[in-house]
Amino acid sequence: MPRGSCQLGRALLVAPTHPRAGEELRGVWDNEGSSAGSQRTASLSVAEIGVGITGFGVFFILFGILLYFDSVLLAFGNLLFLTGLSFIIGLRRTFSFFFQRHKLKGTSFFLGGVAIVLLRWPLLGMLLETYGFFSLFKGFFPVAFGFLGNTSNIPFLSALFQRLQGTSSMV
């Protein structure tokens, strides 16, 4: 270390490139008195942080529903979910997903439900959000059911998922 630098924690910030994402947080910690060969590295990409934020959002939404539609928990969960989604796929792709011409009905119900929850009408807001969520992601459900049907080895569930895969049409 240079002579005038602070030695508390002795952390170096390094920014190598990642093959998938250009933005990444990477820290290198050096143990006291050890050589450079025994360094530990921790790496988190922005998409991985987004998955964590989205997971916390889903947790707060479910916890808010469990506590009889607590409006504060639901509002916090909604904000975390939308923030995590924009971290995962990016801000531009998030806006282009929500504001496609054929998805405007679902987007208006979903974002309207978020606004209603923020205005402390949690039951009505969650009903609107649920309808908007199913309307927005209806093209994804057959793919998810097909994947679950192919990966599960349980006979009844596999047949059920394959039947659900064929019921909805992709848009």
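FYI, side chains are in, hydrogens and waters are out, and symmetry mates aren't considered; it's all heavy atoms of this structure. Since the model is a prediction, treat every value here as computed from it, not as a measurement.
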Closest approach of [X] and [Y], non-hydrogen atoms and distance?
X: T130; Y: M126; answer: OG1-O, 2.7 Å
X: K138; Y: S135; answer: CG-O, 3.6 Å
X: S96; Y: R93; answer: OG-O, 3.0 Å

Where does the angle between the aromatic ring planes of F95 and F99 fall among parallel (under 30°), tilted (30 to 60°) and perpendicular (over 60°)? parallel

Extract all donor-acceptor atom pairs below 3.5 Å that involve side chains of residues 64-87 and protein atoms in other chains or at least two apart in sequence.
| from | atom 1 | to | atom 2 | distance (Å) |
| --- | --- | --- | --- | --- |
| N78 | ND2 | L74 | O | 3.2 |
| N78 | ND2 | E129 | OE2 | 2.8 |
| T83 | OG1 | L79 | O | 2.7 |
| S86 | OG | L82 | O | 3.4 |
| S86 | OG | T83 | O | 2.7 |

So if you build clusters from Ile, Leu, Val, Met, Phe, Trp, Tyr with side-chain heavy-atom gaps below 4.5 Å, do L136 and F141 land together?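 Result: yes, single cluster for both.
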
Would L62 and F134 show up in the same hydrophobic cluster when neighbours are defined by side-chain heavy atoms closer than 4.5 Å? yes

Let me confirm one number: the CZ-CD1 distance from F56 to I61, rounded to the nearest 0.5 Å.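 Here the interatomic distance stands at 14.0 Å.
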
For residues 107-123, tabulate all N or O donor-acceptor pairs below 3.5 Å that involve a side-chain atom, not counting sequence neighbours.
| from | atom 1 | to | atom 2 | distance (Å) |
| --- | --- | --- | --- | --- |
| T107 | OG1 | F98 | O | 2.3 |
| T107 | OG1 | K103 | O | 2.9 |
| S108 | OG | L104 | O | 3.1 |
| S108 | OG | K105 | O | 2.7 |

Step through the shown structure and confirm whether more than 12 heavy atoms of other residues, nucleotides or ligands are within 6.0 Å of CZ on F137.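 Yes - once you tally the heavy atoms of other residues, nucleotides and ligands closer than 6.0 Å, there are more than 12.
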
